[in-house]
Amino acid sequence: MHNNEDANLDRKEAPIRERGIFVEIENIERMKHMEGWKTMKTRQIIKEMNVYRENLSEANRALFDKILLKVRFSKIRERDAEEFSYYCLDLFLQAEKENRSVEEVMGTNDVNQFCDDYISGIRENYNIYERMYLKIKYVPMILFIFVGIWELLISYMIPNIIAGNSVSLDTPITLALVIEFIVVMFITEIAMKYAAKISWELNHQNTRHTQMKYFFIIFGIYLLFVFGFVGIKLLFAKIILFHLNFVFFISTVAMIMLIQDYYDNKVVKN
């Protein structure tokens with residue numbers, strides 16, 4: 001990690017909330033002013049965490065992963081999530097170095113509440129545009145993968161090319177495609193709520209029971225998708241709403257995704 005003396009952020013003087021949970025946003029802000037931190041990109045933070053995470057004991061690594069996954073799948077900026085995770089990793093390493101429990105150093109036994117306090121606290125600093133962005137953050141990716149690649153390219157253009165039919169770059173946007181896109185957005189929103197819990201259980205409670213449970217859940221969702229989408233296509237595939245140029249669509253969405261990547265990984269100057 002960075003200089004341990006600089007990383008010591010006066011934790012004992014941090015304000016403790018009435019319910020015993022403290023969230024040291026001010027200390028995290030001070031951490032941002034450490035030497036070299038301002039020039040550190042988000043990917044570098046993640047890379048460094050992956051290295052030092054391996055120094056934790058198995059029990060502490062499992063607990064740290066619970067924090068890491070919870071904040072990563074929450075509706076906060078990626079940079080804020082990784083900075084908080086990095087700060088928590090420093091707490092964990094400090095606890096092991098001083099032979100103390102992580103709960104003692106963190107000041108709470110409730111990891112979920114510890115994360116929730118930070119998430120709610122940092123979201124209060126977001127303006128309305130940032131909050132709106134975080135709600136629709138995954139729309140471009142779904143448009144690119146599901147609509148652009150799967151529906152327009154794989155399901156429409158390639159079969160027509162193989163069949164020897166003339167294919168125009170102006171691809172039809174049907175009512176079926178719009179309905180399917182809305183369904184995928186809805187499923188994605190639900191999946192994001194449970195992704196952290198599922199990922200943690202598969203990594204740290206990977207028993208046969210856990211494997212079978214999620215196998216049947218995922219298989220059941222897959223069947224619902226297949227039969228649901230087949231039904232939607234049978235009912236609405238012939239209703240063409242408008243035509244859209246494939247190249248323009250893909251390039252525009254790809255550009256938006258690149259801008260997103262820059263925004264999420266840029267160095268925030270305070």
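Position 1 is the first residue of the sequence, and the numbers go up from there. Since this is a predicted model, take the numbers as computed values, not measurements.
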Quick one: which residue pairs count as a salt bridge (charged side-chain N to carboxylate O under 4.0 Å, His left out) with a foot in [range], not counting sequence neighbours?
range            : value
residues 201-212 : Lys197-Glu201, Glu201-Lys213
residues 119-143 : Lys137-Asp264
residues 144-160 : Glu151-Lys233
residues 184-195 : Lys75-Glu189

Which residue pairs satisfy the ring-ring contact (aromatic ring centres under 6.0 Å, His included) criterion with at least one member in residues 171-204, sequence neighbours excluded?
Trp200-His204

Without hydrogens or angle criteria, can the side chains of Glu48 and Gln44 be said to hold a donor-acceptor pair below 3.5 Å?
no

Between Thr108 and Gln113, does any side-chain donor sit less than 3.5 Å from a side-chain acceptor?
no

Ion pair check, Asp90 and Lys97, cut-off under 4.0 Å
no

Correct closest heavy-atom pair for Tyr118 and Asp80 would be OH-O, 3.1 Å

Where do Ile154 and Pro159 come nearest, in terms of heavy atoms and distance?
O-CD, 2.9 Å

Of Phe92, Phe114, Tyr87, the one forming a ring pair (Phe, Tyr, Trp, His ring centres under 6.0 Å) with Phe64 is Phe92

Counting only heavy atoms from other residues, nucleotides and ligands, does the tally under 6.0 Å from CZ of Phe242 exceed 12?
yes

Sequence-distant partners of Glu58, side chain to side chain donor-acceptor pair (under 3.5 Å), two or more places apart:
none

Under the criterion side-chain contact (heavy atoms from CB on, under 4.5 Å), I'd like the reasoning laid out for Leu152 against Leu177: C-alpha separation, chi angles, the key distance, then a yes or no.
CA-CA 9 Å; Leu152 299 184; Leu177 192 155; 3.9 Å; yes

Ignoring hydrogens and angles, tell me if any N or O in the side chain of Arg61 forms a donor-acceptor pair with the backbone of Leu56 under 3.5 Å.
yes

Exam field: side chain Thr171 to backbone Leu244, donor-acceptor pair closer than 3.5 Å
yes

